[in-house]
Amino acid sequence: MTGGTEIRAGSHGFRLNRPEKVLFPDDGFTKRDVVEYYRAVAPRIVPQLRGRPLMMLRHPDGIERPGVVQKNVPDHFPDWIRRERLPKEGGSVLHPVCDDTATLLYLAGQACLTPHRWLARADHPDHPDRLVFDLDPSGGTGFADVRWAARRVCALLEEELRLPVALMTTGSSGLHVVVPLDGRTPFDEVRGFAGDAARLLVARHPERLTVEPRKADRGRRTYLDVQRNAYAQTAVTPYALRALPGAPVAMPLWRGELDGPDLDPRGWTLTSAPDRAREDPWAGMPRGRALGPARRRLATVEE
DNA sequence: CACCTTT
DNA sequence: AAAGGTGAGCTTTGA
DNA sequence: TCAAAG
Ligand SMILES: [Mn+2]
Ligand SMILES: [Mn+2]
């Protein structure tokens with residue numbers, strides 16, 4: 001008698017071992033709950049993963065035990081899991097790529113609670129098609145400060161630089177402001193642009209914002225992190241679960257929700273996110289923009 | 001989680 | 001047979 | 001050159 005339960009999606013299937021193992025002890029959520037969560041949001045999250053190298057944040061013994069950061073596809077993954085070999089400093093990494101629901105569910109069954117995605121596609125790994133401003137509280141600032149910072153970032157990008165933005169909660173304590181790019185600019189230039197924009201905002205609001213890489217230098221200021229915009233760096237995938245009590249979810253927002261009264265960085269969870277995901281705030285994501293015009297505008301706007 | 005090594 | 005180890009030693013920044 | 005950071 002072999003244990004576990006058979007999971008099927010499309011033309012692939014696999015055996016889920018120990019489906020009733022509790023991975024979120026405070027909430028009682030099991031491995032099966034995690035797999036079913038990802039099945040429910042698959043129509044939203046798979047398009048956010050498609051074609052992108054992944055980094056797996058796995059918690060095989062639950063969220064109260066230290067997790068495993070894993071980039072390479074282990075030998076035992078089935079051959080229908082797509083993988084792409086990408087160069088690293090002294091060799092290469094064989095990343096998983098999730099193009100379909102079956103792969104998503106298999107990764108969930110491997111206790112990959114949180115897939116992080118590259119900001120570039122596997123076929124063009126040096127040229128991101130997303131730019132991310134990662135806004136984090138620091139030194140005791142709160143989510144209200146993060147929201148205020150996000151308004152400043154959005155106002156600069158949209159009104160002064162004429163770039164479209166998309167917003168999401170990270171499911172932890174902050175927000176991401178995402179700009180779709182045309183994929184023709186390499187990471188170093190994209191990050192340089194993002195850093196220039198962030199430093200402009202810090203110059204305007206030096207007591208509320210910071211780009212200091214050292215925690216000790218940040219003080220009580222919201223951190224504008226542009227360092228995710230680099231080769232082999234990743235950002236949490238929209239609709240991903242976070243390995244935190246309550247099983248919060250990184251949730252895309254409607255533009256107007258940034259100013260709404262009820263926004264909570266952990267407001268959507270494994271339980272509530274599937275209903276929410278019947279909406280699709282990022283459905284109208286504009287085409288990726290070239291960086292050149294925005295870069296020229298940035299050079300002319302005043303402090 | 002699943003494989004591998006060590007005891 | 002059972003217990004224990006492993007999976008990123010990435011990539012950028014600036015002191 | 002290396003510790004810190006995400
Ligand atoms: Mn961050
Ligand atoms: Mn963050």
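Every chain is numbered from 1, with letters handed out A, B, ... down the list of sequences.
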Members of residues 119-149 of chain A that approach DNA chain C, where some heavy atom sits under 4.0 Å away: none

Those residues of residues 99-108 of chain A lying under 4.0 Å from DNA chain C by at least one heavy atom: none

In terms of the angle between their ring planes, are Trp80(A) and Phe14(A) parallel, tilted or perpendicular, with boundaries placed at 30° and 60°?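 Plane angle between 30° and 60°, so tilted.
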
Between Asp217(A) and Val69(A), which residue's closest nucleotide on DNA chain C lies nearer the 5′ terminus? Val69(A)

Which residue lies toward the 5' end of DNA chain C, Glu212(A) or Gly90(A), if each is placed at its nearest nucleotide? Gly90(A)

Is a salt bridge present between [X] and [Y], judged by a nitrogen-to-oxygen distance below 4.0 Å?
X	Y	result
Asp129(A)	Arg52(A)	yes
Arg221(A)	Glu207(A)	no
Arg147(A)	Asp259(A)	no
Asp99(A)	Arg82(A)	yes

Pairing residues for [X] by the side-chain contact (heavy atoms from CB on, under 4.5 Å) criterion, not counting sequence neighbours:
X	answer
Ala290(A)	Asp182(A), Pro293(A)
Pro245(A)	Asp26(A), Ile63(A)
Asp262(A)	none
Thr271(A)	Phe29(A), Thr269(A)

So Leu175(A) and Thr170(A), do their side chains get closer than 4.5 Å, heavy atoms only?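 The answer is no; the side chains never approach within 4.5 Å.
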
Within a radius of less than 6.0 Å around [atom1] of [X], do more than 12 heavy atoms belonging to other residues, nucleotides or ligands occur?
X	atom1	result
Glu6(A)	CD	yes
Arg65(A)	CZ	no
Arg184(A)	CZ	no

Members other than Trp254(A) in its cluster, when Ile, Leu, Val, Met, Phe, Trp, Tyr link by side-chain heavy atoms under 4.5 Å? none

Mind checking who shares a hydrophobic cluster with Phe187(A), ILVMFWY linked at side-chain heavy-atom distances under 4.5 Å?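 Result for Phe187(A) is Leu86(A), Trp118(A), Leu119(A), Val132(A), Met168(A), Val178(A), Tyr231(A), Val236(A), Trp282(A), Met285(A).
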
Euclidean distance, atom [atom1] of residue [X] to atom [atom2] of [N] [Å, nearest integer]:
X	N	atom1	atom2	answer
Leu57(A)	dC1(B)	CG	C1'	15 Å
Lys21(A)	dA2(B)	NZ	C1'	11 Å
Asp75(A)	dC1(B)	CG	C1'	14 Å
Ile81(A)	dC1(B)	CD1	P	16 Å

Taking only the C1' atom of each, what is the distance from dA4(D) to dG9(C) in whole angstrom? 14 Å

P spacing across the pair dA8(C) / dG4(C), given as an integer number of angstrom: 23 Å

Check each residue of residues 172-201 of chain A for a non-hydrogen atom within less than 4.0 Å of any atom in DNA chain D, then write out the ones that pass by number, or none.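 By residue number: none to list.
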
Please list residues of residues 226-244 of chain A whose heavy atoms come under 4.0 Å from any atom in DNA chain D, ordered by number; otherwise none. Arg228(A), Gln233(A)

Could you check whether Ser92(A) and Arg85(A), counting side-chain N and O atoms only, form a donor-acceptor pair closer than 3.5 Å? yes

Mind checking which nucleotides bracket the chain A contacts on DNA chain C, 5' to 3', with an atom under 4.0 Å from a heavy atom?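 So the contact region on DNA chain C extends dG7(C) to dG14(C).
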
If the test is side-chain hydrogen bond (donor to acceptor under 3.5 Å, both in side chains), which one of Arg228(A), His176(A), Gln227(A) qualifies with Asp134(A)? His176(A)

Return the polar atom pairs (N/O with N/O) between nucleotides 2-5 of chain D and the protein under 3.5 Å, or none.
{"unit_1": "dA5(D)", "atom_1": "OP1", "unit_2": "Lys215(A)", "atom_2": "N", "d": "3.4"}
{"unit_1": "dA5(D)", "atom_1": "O3'", "unit_2": "Arg218(A)", "atom_2": "NH2", "d": "3.4"}

Tyr223(A) six-ring centre to Arg218(A) NZ/CZ under 6.0 Å and within 45° of normal: yes

